[in-house]
**Q** 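The structure is given below, and queries will be raised subsequently.
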Amino acid sequence: GHECKFVDVVPGRKIEGDVTKIQLYRRKVHNVIIVGPAAYIKSRRFNILRKGCIDSFLSSELGVTAVDYDASNCDAVVVGSDEVFSLANGCNMMMYGHGVNTDKLISYAPSFGQTDLNRINQFNCKNLISSGLSMFYALSVRDEPSAALVESLIGKRPTVVCDPVMLFDFSNSHADI
């Protein structure tokens, strides 16, 4: 048996040309005015409750605890899935393996999404991403464009795998849907 932990994600640095704090503040003010204060507060409460439900599910149903990524000292860390290699939400160094305390860094089904080599070069992230991807013990991605991008960055072709959501048998879980 192994002990499984959820490694908390630290938000990435925003990159030039992406949404600024002022723009985010303006969006929040706009949402409060347009959507209305009650709906906005209800939405915030929902997001807080949702996080609590996810944490509770991880702990009670899966026996998984959360740890800080830089203090995790895990035998192996799996990065993925989803668009964790994308620059759309900023450049998150830990998603590329930097600062993750493990000897076996593995990716399962991540994607670069709409991020391409031009965008990586535009925001001067090529060295950071390339050096990080080179540290992975095993690399896989969920789509062909991401595989080609990894290969162009580090000269190694990752395995293309299925999105893990597609692997779950929902037939007995939600028969009414």
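For this chain, numbers begin at 1 and follow the sequence in order.
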**Q** If you count the non-hydrogen atoms of other residues, nucleotides and ligands that lie under 6.0 Å from CG in Asn127, is the total more than 12?
**A** no

**Q** Please tabulate, for side-chain N and O atoms in residues 80-88, each donor-acceptor pair with protein atoms closer than 3.5 Å (sequence neighbours left out).
**A**
unit_1: Ser81; atom_1: OG; unit_2: Arg142; atom_2: NH2; d: 3.2
unit_1: Ser86; atom_1: OG; unit_2: Ala88; atom_2: N; d: 3.0
unit_1: Ser86; atom_1: OG; unit_2: Thr115; atom_2: OG1; d: 3.4

**Q** Spell out, as yes or no, whether a donor-acceptor pair under 3.5 Å connects the side chain of Thr102 to the backbone of Cys74.
**A** yes

**Q** Between CD1 of Ile129 and CE of Met95, what distance do you get to the nearest 0.5 Å?
**A** 12.5 Å

**Q** Starting from Leu139, can I reach Ile120 by hopping between I/L/V/M/F/W/Y residues whose side chains sit under 4.5 Å apart?
**A** yes

**Q** Measure across Ile154 and Ser130 and return the closest heavy-atom pair with its distance rounded to 0.1 Å.
**A** CG2-O, 3.4 Å

**Q** Counting only heavy atoms not in Glu151 (residues, nucleotides, ligands), do more than 12 fall under 6.0 Å from its CD?
**A** yes

**Q** For a quick test of reading the model, state the closest non-hydrogen atom pair linking Asp116 to Arg119 and the distance between them.
**A** OD1-N, 2.9 Å

**Q** Does Ser107 reach the main-chain N or O of Val79 with its side chain, forming a donor-acceptor pair under 3.5 Å?
**A** no

**Q** Could you check Lys126 against Leu153 for side chain to side chain contact (heavy atoms under 4.5 Å, CB included), going step by step and ending with a plain yes or no?
**A** CA-CA 8 Å; Lys126 186 175 180 180; Leu153 288 167; 3.9 Å; yes

**Q** Tyr108, Tyr137: one ILVMFWY side-chain cluster at the under-4.5 Å cut-off?
**A** yes

**Q** On a heavy-atom basis, which atom in Lys156 and which in Phe136 lie closest, and how many Å separate them?
**A** NZ-O, 4.2 Å

**Q** Would you kindly confirm whether Val141 and Val78 end up in one hydrophobic cluster when ILVMFWY residues are joined by side chain heavy atoms under 4.5 Å apart?
**A** no

**Q** With the 4.5 Å side-chain cut-off for hydrophobic clustering, are Ile106 and Met93 part of the same group?
**A** no

**Q** Any link between Leu117 and Leu128 through a network of hydrophobic side chains (Ile, Leu, Val, Met, Phe, Trp, Tyr) touching at under 4.5 Å?
**A** yes

